[in-house]
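Throughout, residue positions are numbered sequentially from 1 according to the sequence presented. All heavy atoms count here, side chains included; hydrogens, waters and symmetry mates do not.
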Amino acid sequence: APPKRQGGWQNKVLARVVLEALGYNPSRHFSKITAPIFFRVASLDHLCPPSVVLSAVKKSGWPEQQYIIQERNVTHLEAHSTGVREQDIKPVIAFLREHLGLGAGDLGAAAGQETLSVEGAEELAETQFPSS
């Protein structure tokens with residue numbers, strides 16, 4: 001018997017999804033993007049290897065000042081299960097401050113706080129993107 005997965009998840013998918021997934025290539029729309037972009041890649045990710053992201057960014061023709069790529073030494077699943085860590089959120093906050101022209105208190109104001117701490121970022125992320 002296969003191992004019991006957390007939450008009853010089963011590694012099954014409808015066959016038609018495979019055909020749809022084969023046609024999914026968001027990088028073909030990259031040339032339309034003019035806003036600055038923050039990418040986070042997991043160096044041990046076998047589902048979406050960093051080389052795929054790097055190749056797509058290179059083909060986009062964007063100037064280097066339009067994007068930032070942060071790499072974490074984790075797998076695909078670890079990237080989503082380790083939660084918000086200070087060393088991960090600081091580059092995002094710096095990116096938002098630089099490209100949105102936000103001061104130190106502006107991000108916190110978005111969360112209803114004077115400043116945005118790591119804990120505040122976790123709470124804000126949870127309200128925007130609930131985990132369950």
*asked:* Quick check for you: to the nearest 0.5 Å, what is the distance between E20 atom CD and L14 atom CG?
replied: 9.0 Å
*asked:* Nearest 0.5 Å, please: how far is NZ in K90 from CD in Q70?
replied: 12.5 Å
Verify the neighbour count for atom [atom1] of [X]: are there more than 12 heavy atoms of other residues, nucleotides or ligands below 6.0 Å?
{"X": "R28", "atom1": "CZ", "result": "yes"}
{"X": "E64", "atom1": "CD", "result": "no"}
{"X": "H29", "atom1": "NE2", "result": "yes"}

Minimum heavy-atom distance between [X] and [Y], given as atom pair plus value:
{"X": "I33", "Y": "W62", "value": "O-NE1, 3.3 Å"}
{"X": "R72", "Y": "R40", "value": "CD-CD, 3.7 Å"}
{"X": "P50", "Y": "S43", "value": "CG-CA, 3.6 Å"}
{"X": "L47", "Y": "D45", "value": "N-OD1, 2.7 Å"}

Could you state whether [X] and [Y] fall into the same hydrophobic cluster, counting links through intermediate Ile, Leu, Val, Met, Phe, Trp or Tyr residues with side-chain heavy atoms under 4.5 angstrom apart?
{"X": "I69", "Y": "I37", "value": "yes"}
{"X": "I93", "Y": "F95", "value": "yes"}
{"X": "V41", "Y": "I68", "value": "no"}

*asked:* With a 4.5 Å cut-off on side-chain heavy atoms, are V52 and P49 touching?
replied: yes
*Kindly assign one of parallel, tilted or perpendicular to the pair Y67 and F39, based on the angle between their ring planes and the thresholds 30° and 60°.*
perpendicular
*asked:* Quick one: does any side-chain atom of Q66 pair with a main-chain N or O of A35 as donor and acceptor, under 3.5 Å?
replied: yes
*Show your reasoning for whether side chain to side chain contact (heavy atoms under 4.5 Å, CB included) applies to F38 and L96.*
CA-CA 9 Å; F38 185 96; L96 291 172; over 6 Å; no
